[in-house]
Amino acid sequence: MYIASLIGPRLDAALVDALRMAWGGQEPVHLCPGEAAEFAIADTPSNLWDVWADLQREHVDLVVQPAIGRKKAMLLADMDSTMIRQECIDELADEAGFGERVAAITARAMKGELDFEEAIIERVGLLKGLPEAVIQKVLDTRIEMMPGGATLLATMRANGGYAALVSGGFTAFTEAVAAELGFDENRANTLCAEVGVLTGEVGRPILGQQAKVDALEQITARLGIEADEVIAVGDGANDLGMLSRAGTGVALHAKPSVAEQCSVRINHGDLTALLYLQGYSKDQFV
């Protein structure tokens, strides 16, 4: 048995019912009227991706997944452009006067066009001489949480879930974001500084795509759960490893080159979409 989930900001009940009938699904469950609904079907439809493309034009996300095991015990999340709206290194570079140059490198790295490690070394090198205090300034004035993140964390943790933030960014940001949203732990790279000034270097080893996969395997082993019990979320090429390894890997507002490699894509919903995918209704949100 499979579950077809439809999520969108203006979800039409008639659209849900039309698709249910076309696919021979069971009676729909409206997890949040006008926003999220689901229905059970016997198998994955052969025209799934054609219907997905049609619904994208209606600003509706469609996901079909096995019914068994979709409620997860752990959340593994990327930070930049996933749990927060920004790319932290781009914001730091903007303060240093290299914003456009660094943002262009970041965009190419997240699309998978550049080696992640080489890209981060190059970008951090441009931050040399920047006062370390700028990090707090960026946190205070530039960083915004992605909508739905706090609700996602609170709801999963209230239901016994564990939450880990894993980033190719920097601990100076993951620690603050993890504390604000309620993550149980966080992992990221370290910006090196001396006497209150950034040196332009990154602590070794550099955490990239493999480090996120390692985090998934290490944390699940410690908790005594399987990778299938994890829902992971990210948007960039360096997230693909953990997205493919997790039981449910969600490409959230991802770059096209990343999204096309993922079977679960959320382009129109916010982070609460991850709760709807697990079968939580709006009245169960914390």
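Separation of atoms NZ (Lys255) and CD (Glu113) is listed at 11.5 Å; rounding is to 0.5 Å. Considering OG of Ser81 and CG of Leu252, their distance stands at 9.5 Å, rounded to 0.5 Å. Taking CG of Leu76 as the reference point, atom OG1 of Thr220 lies at 9.0 Å (rounded to 0.5 Å). To the nearest 0.5 Å, atoms NZ (Lys137) and CG (Leu92) are separated by 11.0 Å. Rounded to the nearest 0.5 Å, atoms CD (Glu118) and CD1 (Ile206) are 10.0 Å apart. Note: Leu271 CG to Leu153 CG = 9.0 Å, rounded to the nearest 0.5 Å.
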For Val250 and Leu243, what are the C-alpha separation, side-chain angles and deciding distance, and is it a side-chain contact (heavy atoms from CB on, under 4.5 Å)?
CA-CA 7 Å; Val250 182; Leu243 295 182; 5.5 Å; no
Would Cys262 and Leu240 satisfy side-chain contact (heavy atoms from CB on, under 4.5 Å), going step by step from the backbone distance to the final call?
CA-CA 8 Å; Cys262 300; Leu240 284 170; 3.9 Å; yes
Derivation and outcome, side-chain hydrogen bond (donor to acceptor under 3.5 Å, both in side chains), residues Gln56 and Asn267
CA-CA 8 Å; Gln56 286 293 292; Asn267 294 324; 2.9 Å; yes
Leu15/Leu6 under side-chain contact (heavy atoms from CB on, under 4.5 Å): CA gap, chis, key distance, verdict:
CA-CA 10 Å; Leu15 183 153; Leu6 293 91; 3.6 Å; yes
Let's go through Arg222 and Tyr162 carefully: what are the C-alpha distance in whole Å and the side-chain angles of both, what is the deciding distance for side-chain contact (heavy atoms from CB on, under 4.5 Å) to 0.1 Å, and is it a yes or a no?
CA-CA 11 Å; Arg222 190 178 76 229; Tyr162 190 87; 2.9 Å; yes
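Residues passing the side-chain contact (heavy atoms from CB on, under 4.5 Å) test with Thr199, sequence neighbours excluded: Cys192, Glu194, Glu201. Residues meeting the side-chain contact (heavy atoms from CB on, under 4.5 Å) test with Ala273, sequence neighbours left out: Ile7, Ile266. For Phe285, the ring pair (Phe, Tyr, Trp, His ring centres under 6.0 Å) test picks out Tyr276, with sequence neighbours left out. Ala40 pairs by the side-chain contact (heavy atoms from CB on, under 4.5 Å) definition with Met1, Ile3, Gln26, not counting sequence neighbours. Residues forming a ring pair (Phe, Tyr, Trp, His ring centres under 6.0 Å) with Phe183 (at least two apart in sequence, or on another chain): none. Residues passing the side-chain contact (heavy atoms from CB on, under 4.5 Å) test with Ala215 are Val166, Arg187, Ile219, sequence neighbours excluded. With sequence neighbours excluded, no residue forms a ring pair (Phe, Tyr, Trp, His ring centres under 6.0 Å) with His30.
A continuous path of hydrophobic side-chain contacts links Leu275 to Val29 [ILVMFWY only; heavy atoms under 4.5 Å]. A continuous path of Ile, Leu, Val, Met, Phe, Trp and Tyr side chains, each step under 4.5 Å between heavy atoms, connects Leu139 with Met146, placing both in one hydrophobic cluster. Under the 4.5 Å side-chain heavy-atom criterion for grouping Ile, Leu, Val, Met, Phe, Trp and Tyr, Ile231 is not connected to Tyr2 through any hydrophobic cluster. By the criterion of side-chain heavy atoms lying less than 4.5 angstrom apart, applied directly or through intervening Ile, Leu, Val, Met, Phe, Trp or Tyr residues, Val230 is not grouped with Leu165; the two fall into different hydrophobic clusters. If you chain together hydrophobic residues whose side chains sit under 4.5 Å apart, Leu75 and Val177 fall into the same group.
Between Met79 and Cys88, the closest heavy-atom pair is CE-SG, 3.9 Å. Heavy-atom minimum distance, Phe39 versus Gly25: CD1-CA, 4.0 Å. Of all heavy-atom pairs spanning Gly169 and Ala188, the tightest one is O-CB, 3.7 Å. When all heavy atoms of Ala4 and Ile41 are compared, the closest pair comes out as CB-CD1, 4.4 Å. What you find for Thr272 and Gly148 is that their closest heavy atoms are CG2-CA, 3.7 Å. Across Thr174 and Ser167, no two heavy atoms sit closer than the pair CG2-CB, 3.6 Å.
A donor-acceptor pair under 3.5 Å is absent between the side-chain atoms of Glu95 and the main chain of Glu91, judged by distance alone. A distance-only check finds no donor-acceptor pair linking the side chain of Glu229 to the backbone of Met74 [under 3.5 Å]. When atom types are taken as modelled, the side chain of Gln278 and the backbone of Leu274 share a donor-acceptor pair closer than 3.5 angstrom. A donor-acceptor contact shorter than 3.5 Å is absent between the side chain of Lys282 and the backbone of Ala36. Looking only at distances, a side-chain donor or acceptor of Gln209 sits under 3.5 Å from a matching main-chain atom of Gly241.
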Just list the side-chain donor-acceptor pairs under 3.5 Å for residues 121-135, sequence neighbours left out, or say none.
unit_1 : atom_1 : unit_2 : atom_2 : d
Arg123 : NE     : Ala119 : O      : 3.1
Arg123 : NH1    : Thr106 : OG1    : 2.7

If you look only at distance, which donor and acceptor atoms sit under 3.5 Å apart when one is on a side chain in residues 63-71 and the other is two or more places apart or in another chain?
unit_1 : atom_1 : unit_2 : atom_2 : d
Gln65  : NE2    : Leu277 : O      : 2.7
Arg70  : NH1    : Glu38  : OE1    : 3.0
Arg70  : NH1    : Leu277 : O      : 3.2
Arg70  : NH2    : Glu38  : OE1    : 3.1
Arg70  : NH2    : Glu38  : OE2    : 2.7

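No side-chain heavy atom of His59 sits less than 4.5 Å from a side-chain heavy atom of Leu11. Asp235 has its side chain out of reach of His253: every pair of non-hydrogen atoms, C-beta onward, lies at least 4.5 Å apart. Side chains of Met145 and Glu180 form a contact here, defined as non-hydrogen atoms less than 4.5 Å apart. Within the 4.5 Å cutoff, no side-chain heavy atoms of Val202 are placed close to those of Thr190. The closest side-chain heavy-atom distance from Phe170 to Ile120 is below 4.5 Å. Using a 4.5 Å heavy-atom cutoff, the side chains of Arg142 and Asp94 are in contact. Contact of the Glu58 side chain with the Asp54 side chain is not registered, since no non-hydrogen atoms from C-beta on lie closer than 4.5 Å. Counting heavy atoms from C-beta outward, Phe173 and Val138 have side chains that approach closer than 4.5 Å.
Taking the six-membered ring where tryptophan is involved, the planes of Trp52 and Trp49 are perpendicular, since the angle between them exceeds 60° and thus also 30°.
Judged as a side chain to side chain donor-acceptor pair (under 3.5 Å), the pairs with a partner in residues 146-157 (not counting sequence neighbours) are, in order, Arg157-Asp184. For residues 237-250, the side chain to side chain donor-acceptor pair (under 3.5 Å) pairs, not counting sequence neighbours, are Lys212-Asp239, Glu217-Arg245. Within the structure, every pair that satisfies the side chain to side chain donor-acceptor pair (under 3.5 Å) test and touches residues 9-19, not counting sequence neighbours, is listed here: Asp17-Arg20.
For the residue pair Asp140/Gln136, the side-chain donor-acceptor check at 3.5 Å is satisfied.
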